[in-house]
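Take a look at the structure below.
A note on names: the letters A, B, ... follow the listed sequences, proteins ahead of strands, and every chain is numbered from 1. Nothing here was measured: the structure is a model prediction, and the numbers come from that model.
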There are 2 protein chains.
Amino acid sequence: MENAARIFEGHLKLRGLKSTRQRQAIFNAFIESSVHLSAEELYRKLRKKNPGIGLSTVYRTLKLLCDCGLARALQLDDNMVTFEKESKRDHHDHMVCRECGRIEEFYSKAIEDLQERVAKKHGFIPEDHRMKIIGLCKECARRKAEK
Amino acid sequence: MENAARIFEGHLKLRGLKSTRQRQAIFNAFIESSVHLSAEELYRKLRKKNPGIGLSTVYRTLKLLCDCGLARALQLDDNMVTFEKESKRDHHDHMVCRECGRIEEFYSKAIEDLQERVAKKHGFIPEDHRMKIIGLCKECARRKAEK
DNA sequence: ATTGATATTGACATTCATTATCATTTAGAA
DNA sequence: TTCTAAATGATAATGAATGTCAATATCAAT
Ligand SMILES: [Mn+2]
Ligand SMILES: [Mn+2]
Ligand SMILES: [Zn+2]
Ligand SMILES: [Zn+2]
């Protein structure tokens, strides 16, 4: 999606922020990256091509990406925030295997609608949500059954 | 529920763990406590009556309480785990106001059922879940509207 | 009640992800 | 080119959570 770059640049301009070499590098690395990664992981990936880039800047830029809706921060693991690419059209939630850590993505229109409904019933204006199902993935379930 | 104590004691006995003065104090403070609190908060509450109790022990005991299903660890805030009393019969999820931090509890049988269903569709065996809706509580929504 | 093996405790240190500091550099408008 | 506010990154700091370990407590067996 070539259009993510425009969103990012637009966000910067709108806020009077500057388009720096580092921000571009981080943006690119993030866009090309695999689905779920931590700030640290993105940082290590970046260092290969861009030595001298700072971890602080990675954190800061990731925050910017979240602000403009290109990234989403998740708590999949207990002691680390992971980031993933986000766009209004591919929203999903996660299942995580407590045995092997495998992450499965899912989307349920029905659940999303019910969330909306239950929030409003409480006078709440829902803006976002996090939903995580913990359990055993297919593989690990089979392995357990065999034993 | 006088029966929580029996569950806790039973859990200890079953695992060959010992029933200590500290564990009893922490158990009691937790049971009498307000709905959502952090280890640190429980620790401070305890120190009033039980000076000399250790924060480590609070963490350790809270883990035991989770193990036997009397407590549940939540990520309501971004940088702190909060604990709440849990029992099979009053399971619920949470809405949290991004403005004032207010926490609203809710339960939807329909959502729970759909979670079960979607997990199985992915070959997943669901064991637990965390669901959090972020938004504006009634109060804060009104305040925003007036302004 | 005594014993003794084993679990527990808590002060303290440590870890580790994330954030703050701040002197230096840079973007970008004029 | 100049100027000013923003950005950077090395480094230190923060803070929740966990590890360490000598001293202590529990409890089953005697
Ligand atoms: Mn995902
Ligand atoms: Mn609750
Ligand atoms: Zn698995
Ligand atoms: Zn509120």
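Contact check of residues 42-53 of chain A against DNA chain D (heavy atom, cut-off under 4.0 Å) returns A/Gly52, A/Ile53.
Distance CG (A/Asp77) to C1' (C/dC16): 13 Å, rounded to an integer number of Å. Taking atom NE2 of residue A/His11 and atom P of nucleotide D/dA7, one finds them 11 Å apart after rounding to whole Å. Put simply, CG on B/Leu62 is 13 Å from P on C/dT9, counting in whole angstrom units. Between the CZ atom of A/Arg23 and the C1' atom of D/dT8 there is a distance of 9 Å, given to the nearest Å. Rounded to an integer number of Å, the gap from CD of B/Glu9 to C1' of D/dC27 is 13 Å. Straight-line distance from the CZ atom of A/Arg15 to the P atom of D/dA7: 11 Å, rounded to whole Å. Residue B/Glu41 contributes atom CD, which lies 15 Å from atom C1' of D/dA17 at whole-angstrom precision. Rounded to whole Å, the distance from CG on A/Asp78 to C1' on C/dC16 is 15 Å.
A salt bridge links A/Glu127 with B/Arg98: the distance from a Lys NZ or Arg NE/NH1/NH2 to an Asp or Glu carboxylate oxygen falls below 4.0 Å. At a threshold of 4.0 Å, the pair B/Arg117-B/Asp113 does not count as salt-bridged, since none of the basic side-chain nitrogens sits closer than that to a carboxylate oxygen. No salt bridge links A/Lys45 with A/Glu41; every basic N to acidic carboxylate O contact stays at or beyond 4.0 Å. Ionic pairing of A/Glu146 and A/Arg142 is not present here: no N-O contact between side-chain nitrogen and carboxylate oxygen is shorter than 4.0 angstrom. Of the charged side-chain nitrogens involved, at least one lies within less than 4.0 Å of a carboxylate oxygen, so that A/Asp128 and A/Arg130 count as a salt-bridged pair.
Applying the ring-ring contact (aromatic ring centres under 6.0 Å, His included) test to residues at least two apart or on different chains, the pairs with a partner in residues 35-91 of chain A are A/His36-A/His94, A/His91-A/His129.
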**Study point:** Reading 5' to 3' through nucleotides 18-30 of chain C, protein heavy-atom contacts under 4.0 Å coded B for base, S for sugar-phosphate only, - for none
**Key:** BBBB-----BS--

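Side-chain atoms of A/Ile125 and B/Lys138, non-hydrogen and from C-beta on, never get closer than 4.5 Å to each other.
Side chains of B/Gln24 and B/Ser19: a donor on one and an acceptor on the other come within 3.5 Å.
Judged by distance alone, with hydrogens and angles left aside, the side-chain atoms of B/Lys132 form a donor-acceptor pair with the main-chain N or O of B/Gln75 at under 3.5 Å.
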